[in-house]
Amino acid sequence: MDEPIRALAALVRERQPCVVLTGAGVSTESGIPDFRSPTGIWAEYDPMEYATIDAFRRDPVKVWEFYALRFEVLVSAEPNAGHLALAELERRGLVQAVVTQNIDGLHERAGSRDVVEVHGSIRTASCLECGEQVPLDAVVAALRAAPAPSCSRCGAILKPDVVMFGEMLPVDAIERATELARRAGLLLAVGSTLEVYPVAGLPEETVSAGGELAIVNRGSTPFDGLASIRIAGGAGETLAALAEELA
Ligand code: NAD
């Protein structure tokens, strides 16, 4: 493990700015299951029934039954060694920003300041009818009293402000992420299968603009061949070792 970590640390030092792209694998060590692993969420729930905007419009209460279970886990999770290491590297000026597909808010809670949430977050939920937006604690309280939170203004069922399949990504976030990837000397992708577009297009943005790609992920990704370094270790221990190597 030491040699790949030393090589990754050298890349981080030499190929600034370093932008980090994270996926669900960075949060599994916080107890939040990912989607595509054998123990992931899609092994149990069909995404077409629970994670598309059409499914939500068809039967929002059913979709909330799924989200209520996820929210319980998400709100009690704590940042792990990987989130903390990335925040530390940002403080030391070695990581410019974190682009994340995660909706759990754990990077921010770990102390990362420049976090681009390309798939939204559970921090708020919104009413698709009247636009009312409510904070997470109100959603959690509503879920204790009813199967789905409803809008206090118009009564419609609220939707969590996370990007569901079939929805557009927040324009500002994906534009900023693309710009960061294009200008990055190094894009470090951690804990993502890199299968969900447009985020999966970011490694190519970096490499075609002359930057390098490094991947830390337990499973394989379609971009492994494009990476200068690939480490198949756990995100927490790998990022903690990287921060130590760079200290
Ligand atoms: P994914 O489930 O497709 O892939 C996760 C990858 O991480 C897998 O390749 C797996 O092998 C790897 N992995 C799992 N645990 C790891 C660990 N401890 N160390 C290193 N690698 C590990 O996830 P993705 O690529 O992020 O998929 C994208 C979608 O998943 C996004 O839309 C995101 O919003 C959503 N998602 C978010 C959360 C969260 O917020 N924590 C959780 C589940 C899914």
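The model shown is predicted, which means the values in this text are computed figures rather than measured ones. In listed order, ligands and their atoms are each counted from 1.
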Distance under 4.0 Å to a non-hydrogen atom of [X]: what atoms of ligand 1 satisfy this?
| X | value |
| --- | --- |
| T193 | 1 (P), 3 (O), 4 (O), 6 (C), 8 (C), 9 (O), 25 (O) |
| S27 | 41 (N) |
| G23 | 26 (O) |
| D104 | 39 (C), 40 (O), 41 (N) |
| G25 | 5 (C), 7 (O), 13 (N), 14 (C), 15 (N), 16 (C), 17 (C), 18 (N), 19 (N), 22 (C) |

Query raised in the report: Would a distance-only check, ignoring hydrogens and angles, find a side-chain to backbone donor-acceptor pair under 3.5 Å from N217 to V190?
Result: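 Side chain of N217 to backbone of V190: no pair is present.
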
Query raised in the report: Would you find a donor on one side and an acceptor on the other, under 3.5 Å apart, between the side chain of W64 and the backbone of F56?
Result: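 Here the side-chain-to-backbone pair does not exist.
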
When you compare the side chains of [X] and [Y], does any donor N or O come within less than 3.5 Å of an acceptor on the partner?
| X | Y | answer |
| --- | --- | --- |
| E212 | S228 | yes |
| H107 | T22 | yes |
| E132 | S126 | no |
| D34 | T28 | no |
| D161 | Q133 | yes |

Where is the nearest protein heavy atom to [atom]: which residue, which atom, and how far?
| atom | result |
| --- | --- |
| atom 40 (O) of ligand 1 | I103 N, 2.8 Å |
| atom 21 (N) of ligand 1 | R218 N, 3.1 Å |
| atom 6 (C) of ligand 1 | N217 OD1, 3.5 Å |
| atom 25 (O) of ligand 1 | S192 OG, 2.8 Å |
| atom 27 (O) of ligand 1 | R36 NH1, 3.1 Å |
| atom 11 (O) of ligand 1 | G219 N, 3.1 Å |
| atom 29 (C) of ligand 1 | F35 CD1, 3.6 Å |
| atom 33 (C) of ligand 1 | Q101 O, 3.0 Å |

Query raised in the report: Which one of N102, D34, I32 has a non-hydrogen atom at the shortest distance from atom 37 (C) of ligand 1?
Result: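 Looking at heavy atoms only, the winner is N102.
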
Any ion pair linking [Y] and [X] (charged N to carboxylate O, less than 4.0 Å)?
| X | Y | result |
| --- | --- | --- |
| E179 | R176 | no |
| K62 | E49 | yes |
| R144 | E72 | no |
| R153 | E129 | no |

Query raised in the report: Is the shortest N/O to N/O distance between A235 and ligand 1 below 3.5 Å?
Result: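 Yes, since at least one N or O of A235 sits under 3.5 Å from an N or O of ligand 1.
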
Proximity to ligand 1 by part of [X], non-hydrogen separation under 4.0 Å:
| X | result |
| --- | --- |
| P33 | backbone |
| T28 | side chain |
| H119 | side chain |
| A24 | both |

Query - Over 12 non-hydrogen atoms of neighbours within 6.0 angstrom of CZ in R91 - result: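 Yes - once you tally the heavy atoms of other residues, nucleotides and ligands closer than 6.0 Å, there are more than 12.
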
Take every heavy atom of [X], measure it against each atom of ligand 1, and state whether any distance is under 4.0 Å.
| X | value |
| --- | --- |
| G233 | yes |
| R70 | yes |
| E29 | yes |

Query raised in the report: Side chains of H119 and N102: closer than 4.5 Å at any heavy-atom pair?
Result: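 No, their side chains stay 4.5 Å or more apart.
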
